Every structure is written in C-alpha cells, then in structure tokens.
Amino acid sequence: GKIEMIIDGGSVDIGVESTILDMTVEPPMILRPGYISKELLLEVLEKVDEDKTMMHGDEAGKPKAPE
C-alpha cells in the first residue's frame, strides 16, 4: 500500500541488477546502480542524484534500497 507503481521490464541477459530510481524526491535519486547508468538517465532527466549510502559505502547511513 505504500508503492504506487513498479515497472517490470522482464528478464535480462546481461547479468546486472536493475537500476532503482527514486522518483518521489527532487531531483530523482539512484538508489541502486544497474544497467541504466546515471549518464543514460541524464539524457532524459535534467538532474539525477545518487544515494551516497549505497553508492559510496557510507557506513553512517542506511541505504533506501537493498543491494
């Protein structure tokens, strides 16, 4: 009841986990990197932040998305 929508693109053959993007914040934030890179997202979005706890191993914070 807390998530309005999940987009599932189906199976992939590249062996990389899915990119998780939080669209509930401004600017959108990458919660988990995957095949769709920040550079690709910047082609369609003006700005994209990264969850520092997940991206850079910040032990002080807890990531919003699982690894």
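Note that the structure is predicted; figures quoted are calculated from it, not measured. Position 1 is the first residue of the sequence, and the numbers go up from there.
A distance of 12.5 Å separates CE of M29 from CE of M23, quoted to the nearest 0.5 Å. Of the inter-residue distances, the one linking I7 atom CD1 with S18 atom OG reads 11.5 Å to the nearest 0.5 angstrom.
Under the rule for a side chain to side chain donor-acceptor pair (under 3.5 Å), D49 has no partner lying at least two apart in sequence or in another chain. L45 meets the side chain to side chain contact (heavy atoms under 4.5 Å, CB included) test with L21, P28, L41, V48; sequence neighbours excluded.
Side-chain atoms of T19 come within 3.5 Å of backbone atoms of I36 as a donor-acceptor pair (strictly under, hydrogens ignored).
With R32 as reference, I20 is the one residue of D51, D22, I20 to meet the side-chain contact (heavy atoms from CB on, under 4.5 Å) rule.
Looking at heavy atoms from C-beta onward, E50 lies in side-chain contact with K38 at the 4.5 angstrom threshold.
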